[in-house]
Structure formats: C-alpha cells, structure tokens
Amino acid sequence: MIKITLPDGSVRDYESGTSSMQIALSISEGLARNVLAAKVNDEVWDASRPITNDSRLQLLTWNDALGKKTLWHSSAHLMAEALESLYPGIKFWVGPPLENGFYYDVDLNGQVLTPADFEKIEQKMLELAKQNNVYVRKEISKKEAISYFSEKGDEYKLDLLERLEDGNITLYSQGNFTDLCRGPHIPNTGFIKAAKILNIAGAYWKGDEKNKMLTRVYGITFPKDKELKEYLTLLEEAKKRDHRKLGKELELFTFSEKVGMGLPLWLPKGAMLRERLINFMQKAQTKAGYVPVVTPHIAQKELYVCSGHYEKYGKDSFQPIKTPQEGEEFFLKPMNCPHHCEIYKSSPKSYKDLPMRYAEFGTVYRYEQHGELHGLTRVRGFTQDDAHLFCRPDQVKEEFCKVIDLVLHVFNALDFKDYTAQISLRDPENASKYIGSDENWKLAEQAIIESAAEKGLRTVVELGEAAFYGPKLDFMVKDALGRKWQLGTIQVDYNLPERFELEYTGSDNQKHRPVMIHRAPFGSLERFIAVLIEHCGGNFPLWLTPDQFAILPISERFNEYAKKVLDELTAMDLRGFIDDRNEKIGKKIRDQEIGKLPFMLIVGEKEEAEQKVSLRARGKGDIGSFSTGDFVKYVQQMIESDFNQKLNA
RNA sequence: GCCGAAGUAGCUCAGCUGGUAGAGCAGCUGAUUUGUAAUCAGCUGGUCGGGGGUUCGAGUCCCUUCUUCGGCUCCA
C-alpha cells in the first residue's frame, strides 16, 4: 500500500501501482472525467502512469495552468498527426505548449502552408480527436530510439537524441503518430473538442539564423467549443486596443513612407501627451536630485570608437555623415551615454560631488532590422528618458535602489501592475560577447541582484540577456496581444568609465574610477506610450488625456456661450474644445464617446440662463449641472485622488 | 536580414473566372436650429503602393521593388 496526500492535506491509502486516474475515479466520476494530468510530488505525470511510492498528488484539470499546458502539449502532437497525414513526408522539430496554445516547428520539405489550409488542418485535428486515441507512453533505450528515428530518416529527432541520456528517453504515440517526447500528456485525444490554427511563421532551426528556416504552425485548442469562441472574441477585443490602430484613430502619431520606416511623426495630440509625460518625469527627477543636460544629435566617429559602440555596431548602424572636410565623419547618436561621459569629464570631480545625475530626454537613432520594426514599440528614431549616474563604488547600491523607486513611481502612477523585473546577466559560456573584466562583471551583477532583492521585486533571472557592457535590470510589460516589451531599464556599467578614463579625487587625494548607472524608467517615450495606449485602451488618465472635455452646444445659437465657457476653462488650465458642428446633440455625444473624451459639457438655453453646463462623463451619461468653477474643482479632485490612490497602492 | 501574408478614396471595406472602379463614414455645400450614442439632400474625392511585362484590353495574370502585418533572428 502507498499513502497519497491530496492538496487539502487528507491522506488516502492505495495499492502500489495505482494511477492518478484511478485515484480520481475513487473520489468522484465527475472529477475523473476532467482529469488531464496529475502533479505527483513536484513532477507532472500522465494520469495513467502508476504511482508506486508514497506521494503528494494534485489532480490537474483545465482549470489548472499545468492542466492547460498538458492539453496544449498533447494538442501539438495531435496537430502534428494531422499535418503528417495531410502532408506526408514532412519532418518535425519541436512542439511545445505556450502561455496561450502551442506550436510545432516543421520542415515541410519545400511545401508551403497558407491560411487557406488552416481549416483543413483544424478539421483533420478534430476528426482525429474524435477517435479518442490514447496517448501511450513508452520508455526505450537510446539505441532503440536512434534506430527508430534513423529508419524514419528523421534527422531532427536524431539531433535531439544526441543530447539525451540513456535511460531517460520516452516516446509518446497517439493514433498514427509517434514522437520523441518527455511528456506528460492527457489521457486521450477525446479531451480536445475545439481546435484553431492561429498563424504560421518562419522560425530558424534551433533559433540560429545561420540554420535552415522551418515553418512554425501556431494553434490553440479547448475542451469546449464555447471556450474557443470566447478566446477568439477576446483576441478581437485585444486587437481593438492595438496602439497602432488607436494611435491613428485618436490622432496621436503617424508614419510616412516618404519620411522613412520606423520614424514616427507625432501629431499635435500625441506630442502634447508626450510633453505631459516628460513634465511628470522631470518633476520626479528634480526631486530625486537629477540635473538636466542637453547634447547634440550627432557626434564624431571617434566618440563611438572610444565607447566601443563603433566596433560593436558600426557596420549595422546608420552610416556616417560625411562633411566637406576630408576624412571627417559624424554618426547619428544611437545612445546618450558617451556624450554624458564627456560632460562628466568637462571638469574635475571630487568624491564630494558624487553622485552626479545627468538627465536628458535624448532622441537617438538606431538602424533596426527591417523585419523588426513594430508600430511605436520598435522604431528607428526614439526618445529615451535617459539619465546617467556617476557614483562611488560604495554608492552603487543606494543609487540603484533609488532608481528602482523612481521606476516604481512611474509604474504606479500609470497603474502598470502586471510587470516582471528581469535581471539580465552575462552568458557565462559566451564571455567574448562582452567587454570588461570578469571581476567588474561580478561586482555589477551582485549589485543588481542585491538591490532588487532589497526592494522586494519579483524577479526573473535571464542568462545571456545582458548588454555587452554590463548587466541590467529590465521592467518587462506585456502589450494587448501578450507580447513582452522592455520598458524601464537600469544598467550598471563599469566599462564606459574605464574607456573614457573617468575619474574623481577621493578623500585620500588619489584618483578613483566612478561607477556609471544608465537608467530610463519609461525606456523610450515611444514604446512607453504604445504600451500605455494598449494598457488603458485609449482611455487615458485624466491628467494625461489629450482633450479632457468637449463643449457641445445644443444649436448654433449657443456657440457664443460655449466660447465663453471654453475661455474660462482654458484660463483655469483645463484643455478641451467646442464641437460646433451643425449636428444634433445626439450625434455630437456619440462622436465624442467614440473619441474617448472624458467629459462632455452640454450647453443650451437652460445652461446659458443659469450660467452653468450640463456635465456628461464618458460611459456614465448625465451627471448633473455644474458651474465652470465647480467643474474645474471636480476634475482636479479626480486627478488628485486618482494619483493618491495609485501612488499609495 | 529570413519565412509567410497583405496593400483599392482621409478611414473601414466591396470589386466572381481579365472588359478600363463602388459603398459607408469623414470632408465640402445647402436645408434644418436641434436636449443626452448616427437629421436630410447634393457634391468633392482614387494614375487600385511604385516600376516593368503578358494581352486588343490589367485593380484582376506574371516579374520586380517599396511599405505594412504575423513570426524568427536582432534589440547599445
């Protein structure tokens, strides 16, 4: 007999060799019908796998993240089976589950898949799913596995096998498809009731651009058709929040083929929104002891040779600007740090001067690869809310912590809650990619890890994600469609001070090298605004929103009174406009609601007589009669309480 | 840069197997002077992304190029 401990703490006795499915059945038939897999101790197992030792058991259903993962992993196999039967001779690489769905990388052998084929694949998947084929697990020796896949002529699976250890190799089969797979899988294909192929894309084999490009087929499945429909609706809703769509609709920014790809043009409303964000940041930075600096958009090649950026990125950047002077070359600045180093060097520094905190909203230009450009999130010209801190080694951690505070201040103010703090460290196996000494790297990495821990950040450590000059702490946020973007970034740099021979005089009257911290809480205004738009679906907080109100005269007869109201409100620092089109009030309301205006002030005969306005809030309808003064107070209070709420959250 | 898809009026889109472009919204003009999510009528507006080719004839077929979209790679 073995003892099985369930999540509620209860312990039950079973025969050794009982499977989780049998245990589920012993609890209730309904539960057993929904069991997709089981967590046995800390491993996820097939529900049919016999348990032979005392164990903790958690039955996994569709309601568990791991249950979903298992279903999607099994669905990848099902899709592979469907693909193999539709396109004989294709070969498979890997097919993992994702946060939403799964994919499989396949070598189509020259055949091409298009969206027109999706339905056919979905049909086939459902047809196979209906057969209730069992996912059969089989442990085999490495030798057997090699001979099986050699016979099949499957070089991809053979490549996978090379890295697997004997005694640890399993095959999974369902229907006519057998795959090298660690598992686990759902009991049988019958659990999959709805399938959708989402899209196809090229993906380099093993993620290396020197390798062959495979076809990656993305799909998603559900145990109920209704859930698929709900998911597709959700996707549609998410697309409505896409910043590229809203940016156009709300007249925030645009692109022009003539100006060039990846070079955003900010329209008046977007430009003013930017200014508000800049003011917000400047206020916070001034409080935190930053001083402003301004540097030019170009610099001589020598600056970047000195910084090391030329060597690293010179060929892949915008190419040099030549001058009439023979041999003279300037580069568009791809980052502000070298300029700031030169500012630091402009006068001798004492240990008493440190830390120095130079801040600049610096516009930089980077020649991003064509296929990488993406709305405002990846562009070729953008403005960083950049600052560089120069401090003594003993000040690094304190400064780092203060920067984390600043980033969190920004995120809180804008209600960004769903972020992860990513600590990006060096890839120890590829040290040549980075500049700087081992010792300095270790110091910097240590400083980041400690500060993040001290601030209680929920962190993820990524090896190999560091910048070439130093490790970093990045704040990652997801867009409407779940893509991850880096916003705020803090980077410790022991390298540039070395290269620029930055110094300060210590209390010992000796020269010392300062440590540099790069940081940008927004990251870039472009990307930040993109994510902000998707985050709030275009309904910006009141302090940021382009127009806070529109005045809607009932008829042209009240345009003059509307003008008077507008003048009063403008004088009291609110921003808005008069919708004096020759339209009925219902039409004006509808248009302003669609335009996401927070407030509508309706003025007609009654309002003019009372010297008031009828106030209408977005999505809420009529909220009463206000004088202009009361309305201003109302708005100011809303902004304040909103801020207090968020910043104290 | 790589794989795949798409580009028709300011915006959203229609245009079957080739027969020389169409709607709604927006805009303009006029009528209406309006009370809480679309007043009516008229008009303007497109070298169908660019270039080349096939054809008597190309938005439609072919080639090429640019841009955009979904991914991959990259992201100082």
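Worth knowing before you read on, the calculation uses all heavy atoms, side chains too, and leaves out hydrogens, waters and symmetry mates. On a predicted model such as this, the values are computed, not experimentally measured, just so you know. Letters go in sequence order (proteins before strands), and every chain restarts at 1.
- The side chain of A/Ala203 has B/C72 as its nearest neighbour among B/C75, B/C72, B/U34.
- B/G42 and B/G71 have their C1' atoms separated by 49 Å, given to the nearest Å.
- Cation-pi geometry between A/Arg380 and A/Tyr367 is satisfied (NZ or CZ under 6.0 Å from the ring centre, within 45° of the ring normal).
- The number of heavy atoms from other shown groups lying within 6.0 Å of NZ (A/Lys596) is above 12.
- Comment: A/Lys588 does not engage A/Glu593 in a salt bridge, judged by the lack of any side-chain N to carboxylate O separation of less than 4.0 angstrom.
- Closest to the side chain of A/Arg581, out of B/U34, B/G27, B/A37, is B/G27.
- Atom name C1', nucleotides B/A9 and B/A14: the rounded distance is 13 Å, in whole Å.
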Quiz prompt | Derivation of the salt bridge (Lys or Arg N to Asp or Glu O under 4.0 Å) call for A/Arg581 and A/Asp591 | solution = CA-CA 11 Å; A/Arg581 293 173 303 163; A/Asp591 286 351; 3.0 Å; yes
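- Taking 4.0 angstrom as the limit, A/Arg483 places a side-chain polar atom (N or O) nearer than this to OP1 or OP2 of B/G70.
- Contact check, A/His370 against B/G1: a side-chain N or O comes under 4.0 Å of OP1 or OP2.
- Spacing between atom NZ of A/Lys584 and atom C1' of B/U32 amounts to 9 Å, rounded to whole angstrom units.
- Within 4.0 Å (heavy atoms only), A/Glu465 reaches no atom of the nucleic acid at all.
- Heavy-atom nearest nucleotides on RNA chain B were determined for A/Gln384 and for A/Pro115, and the one closer to the 5' end corresponds to A/Pro115.
- Both A/Ala467 and A/Tyr204 lie close to RNA chain B; mapped to their nearest nucleotides by heavy-atom distance, the more 5′-ward contact belongs to A/Tyr204.
- At a threshold of 4.0 angstrom between heavy atoms, the contacts of A/Ser307 with the nucleic acid are absent.
- The number of heavy atoms from other shown groups lying within 6.0 Å of CD (A/Gln123) is above 12.
- Ring-base stacking between A/Tyr218 and B/G71 is not satisfied when judged by a centre separation under 5.5 Å and a plane angle under 30°.
- For B/C43 and B/C25, the C1' atoms lie 16 Å apart once the distance is rounded to whole Å.
- Taking atom P on both B/C63 and B/A23, the two are 33 Å apart, rounded to the nearest angstrom.
- Ion pairing between A/Glu607 and A/Lys612 fails under the 4.0 Å rule for side-chain N and carboxylate O.
- Here, B/G53 and B/G59 have their P atoms 15 Å apart, quoted to the whole Å.
- For A/Ile602, the listed nucleotide lying nearest its side chain is B/G35; candidates were B/C11, B/G35, B/U34.
- On the P atoms, B/C61 is 37 Å away from B/C74, given to the nearest whole Å.
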Practice problem: Go through the steps for A/Trp93 and A/Asp107 under the test side chain to side chain donor-acceptor pair (under 3.5 Å), then give the verdict. | Solution: CA-CA 8 Å; A/Trp93 172 232; A/Asp107 180 348; over 6 Å; no
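- As rounded to the nearest Å, B/G27 and B/G10 have C1' atoms that lie 8 Å from one another.
- Note: CD (A/Glu209) to P (B/C75) measures 10 Å, nearest angstrom.
- For A/Asn582, whose side chain is taken as the heavy atoms from C-beta onward, the closest listed nucleotide among B/U34, B/C2, B/C74 is B/U34.
- A donor N or O paired with an acceptor N or O is not found under 3.5 Å between the base of B/G1 and the side-chain atoms of A/Tyr367.
- Put simply, the side chain of A/Glu257 and the base of B/G50 share no donor and acceptor less than 3.5 Å apart.
- Checking the phosphate oxygens (OP1, OP2) of B/G35, no side-chain nitrogen or oxygen of A/Arg557 falls inside 4.0 Å.
- Atom P of B/A38 sits at a distance of 43 Å from the matching atom of B/C72, rounded to the whole Å.
- Taking atom CG on A/Asn199 and atom C1' on B/A5, their separation rounds to 11 Å, with Å as the unit.
- Checking B/G71, B/A37, B/C75 against the side-chain heavy atoms of A/Ile594 singles out B/A37 as nearest.
- Between the P atom of B/G49 and the NZ atom of A/Lys258 lies a distance of 16 Å, rounded to the nearest Å.
- Phosphate proximity of B/C75 to A/Lys472: absent, as no side-chain N or O sits under 4.0 Å from OP1 or OP2.
- A donor and an acceptor atom sit less than 3.5 Å apart, one in the side chain of A/Arg616 and one in the base of B/U36.
- Side-chain atoms of A/Ser614 lie closest to B/U36 of the nucleotides B/C3, B/U36, B/G70.
- Scanning atom types as modelled, no donor and acceptor separated by under 3.5 angstrom connect the side chain of A/Arg366 and the base of B/C74.
- Atoms OH (A/Tyr365) and P (B/A76) sit 19 Å apart, rounded to a whole Å.
- Between the P atom of B/U67 and the CD atom of A/Gln369 lies a distance of 14 Å, rounded to the nearest Å.
- Using a 4.0 Å heavy-atom cutoff across all strands shown, A/Glu583 reaches at least one base atom of the nucleic acid.
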